Amino acid sequence: MITVLFFAGIREVIGLDRIIIKKDRITVLQLKQYFESKYPLLSFEPFMTAINESFVTDEAMIKDQDTVAFIPPVSGG
Amino acid sequence: MITVLFFAGIREVIGLDRIIIKKDRITVLQLKQYFESKYPLLSFEPFMTAINESFVTDEAMIKDQDTVAFIPPVSGG
Amino acid sequence: MVQSMFKIVREPISVEEVTNLVSRREAGAITIFIGTVRELTKGKKTLSLEYQAYDSMAIKMLNLIGEEIERAWPDAWVAITHRVGKLEITDIAVVIAVSSPHRSIAYEANEYAIERIKQIVPIWKKEFWEDGTMWIGDQLETAEYPEGRPSEEG
Amino acid sequence: MVQSMFKIVREPISVEEVTNLVSRREAGAITIFIGTVRELTKGKKTLSLEYQAYDSMAIKMLNLIGEEIERAWPDAWVAITHRVGKLEITDIAVVIAVSSPHRSIAYEANEYAIERIKQIVPIWKKEFWEDGTMWIGDQLETAEYPEGRPSEEG
């Protein structure tokens, strides 16, 4: 089980701030592809991604219990 | 008549914050030399000088009613 | 230190409180950056703003910026508070305070902090205009990534 | 503007008051510099300080710095208050606030202001140590003239 977090515009489009899915031992890229198949109108590829609050690359492996966050370009400050 | 102002260390050494003297139509350099003759232990040459609150060079002419200030290196801020 | 130097808050920020976090006898210079909601951005009139954060990660990234500053300028102390939620024009969104024995470091470290916040801290801004709203950053038109993308070292 | 942006005062400085002088709807960035009395200078322990000013000329020079900033950064607003008299460790000696629509200008103009204050504003500092006192600046040992001498344009 992994928890996936959404923020900002993507949160509003999907209408959820988090989804818990039964997937692990997949890469970030595979997770992005999974969401693109689920939401064919959305592109997940450009998102930065964090696993457990650290930025990771598309090749990073997601483990059971991980929290994955899709990070749109930030605009704080 | 001109008013001459002293600040910081030189004010403490001379023991006065201002002197009014009956001199005009002299240059700043001449005024410095006048004070060096009056206070032979002090050197006035290194001082920056202001006439009526504007920095001037040693060649500037002092007129009647002017206020001349000897400005030690500043240390505010 | 008992008090945390890096905070995400929902209430108005007290500049004085953030400043007090870095004030100390050895520091002759304190620089403060106050980011406020401004009315016009690229000629467009903002009515209000909403900031959203990934709170726990944002605090972690602020701490990371603090560590980066400690490595680069060992004499500097830094405190950062960012507000989230609904903000009006002139409201304070972020306060960065840096103290240092010498002033040039206090300026440098402070500007470094705001640049890094805009790169790696997961906080997002939604602008409310008369004719609509938009999450800033996730549109090419308004993306502002000084180095292309957030650093991946975090 | 009714309120003066440049002041020499004898009482404690309110950072908030100086900041409010530059706060405005068009400004998204405010930088503040706070110069405090620090305990150690070159390893020597300061007990207290006394600042003395040529008040009228100091205010004139602060206004001149304001004009220089207006010419160099037309979008920036600047306010400066310097305290004189007896100050204790951690007391605030000077506050510089700059507001600007964009942050890099706010940092630049602020640092420019403090550099110029240290060059051309007739204010002097006397340090009180355990073993004596000294007016800082008029001794070669401690003279701090970034460009040799105060500018003569003023």
Side-chain angles (χ1 to χ4, degrees), chain A residues 1-21 26-33 35-36 38-63 65-77, chain C residues 8 33-37 41 49-65 80 82-84 87 93-96 111 113-127 133-146 148-154:
Chain A
M1 297 242 295
I2 61 172
T3 304
V4 182
L5 306 180
F6 306 107
F7 297 95
I10 192 78
R11 175 185 289 186
E12 289 188 356
V13 171
I14 292 183
L16 291 167
D17 64 353
R18 65 187 58 211
I19 292 177
I20 294 172
I21 54 176
I26 59 168
T27 66
V28 167
L29 185 62
Q30 286 168 327
L31 185 71
K32 285 179 171 179
Q33 286 162 348
F35 276 108
E36 283 179 353
K38 207 174 156 196
Y39 300 97
L41 293 178
L42 299 179
S43 171
F44 283 78
E45 223 188 302
F47 281 126
M48 287 296 298
T49 315
I51 297 181
N52 303 330
E53 302 172 4
S54 290
F55 284 111
V56 295
T57 61
D58 275 358
E59 294 72 40
M61 185 61 71
I62 302 167
K63 304 182 311 296
Q65 303 298 326
D66 275 353
T67 297
V68 181
F70 291 115
I71 311 280
V74 303
S75 50
Chain C
I8 303 292
F33 175 81
I34 303 176
T36 62
V37 179
T41 298
L49 280 187
E50 186 190 334
Y51 281 98
Q52 183 183 96
Y54 180 6
D55 285 56
S56 55
M57 183 171 169
I59 290 172
K60 189 175 164 182
M61 291 298 117
L62 292 177
N63 273 283
L64 177 70
I65 294 170
I80 306 173
H82 201 300
R83 183 177 172 192
V84 294
L87 272 74
V94 63
V95 174
I96 303 167
E111 192 162 9
I114 184 67
E115 299 297 334
R116 288 299 272 161
I117 287 171
K118 289 178 176 284
Q119 289 168 5
I120 65 164
V121 179
I123 297 177
W124 301 273
K125 176 166 78 172
K126 186 181 190 174
E127 298 218 348
T133 69
M134 192 193 279
W135 284 100
I136 305 302
D138 58 350
Q139 307 286 333
L140 278 178
E141 187 200 358
T142 51
E144 267 196 13
Y145 264 22
R149 291 186 149 237
S151 148
E152 288 171 27
E153 74 202 47

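These numbers come from a predicted model, not from an experiment.
With a threshold of 4.5 angstrom between heavy atoms, C/Ile114 approaches chain A through side-chain atoms but not through N, CA, C or O. For a residue to count as touching a neighbouring chain, one of its non-hydrogen atoms must lie under 4.5 Å from one of that chain's; by this rule C/Ala53 touches chain A with the backbone only. Proximity to chain A is limited to the side chain of C/Lys126, based on heavy atoms less than 4.5 angstrom apart. Looking at C/Tyr54, both its backbone and its side chain come within 4.5 Å of chain A, counting heavy atoms on both sides.
Options C/Val121, C/Ile80, C/Thr133 differ in how many heavy-atom pairs under 4.5 Å they form with chain A, and the most are formed by C/Val121. Ranking C/Ala113, C/Pro122, C/Ser56, C/Ala58 against chain A, the residue ahead of the rest is C/Ser56, based on heavy-atom pairs under 4.5 Å.
By the salt bridge (Lys or Arg N to Asp or Glu O under 4.0 Å) test, A/Glu36 is found to be paired with no residue, residues two or more places apart in sequence or in another chain being considered.
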Show me the side-chain donor-acceptor pairs of residues 65-73 of chain A shorter than 3.5 Å, one per line, residues at least two apart or across chains.
residue : atom : partner : partner atom : Å
A/Asp66 : OD1  : A/Asn52 : ND2          : 2.9
A/Asp66 : OD2  : A/Lys63 : N            : 2.8

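No side-chain donor from either of A/Ser75 and C/Lys118 sits under 3.5 Å from a side-chain acceptor of the other. Inspection of the A/Thr57 and A/Glu59 side chains reveals an N or O donor paired with an N or O acceptor under 3.5 Å. Counting only N and O atoms by type, the side chains of C/Trp135 and A/Glu12 include a donor and acceptor under 3.5 Å apart.
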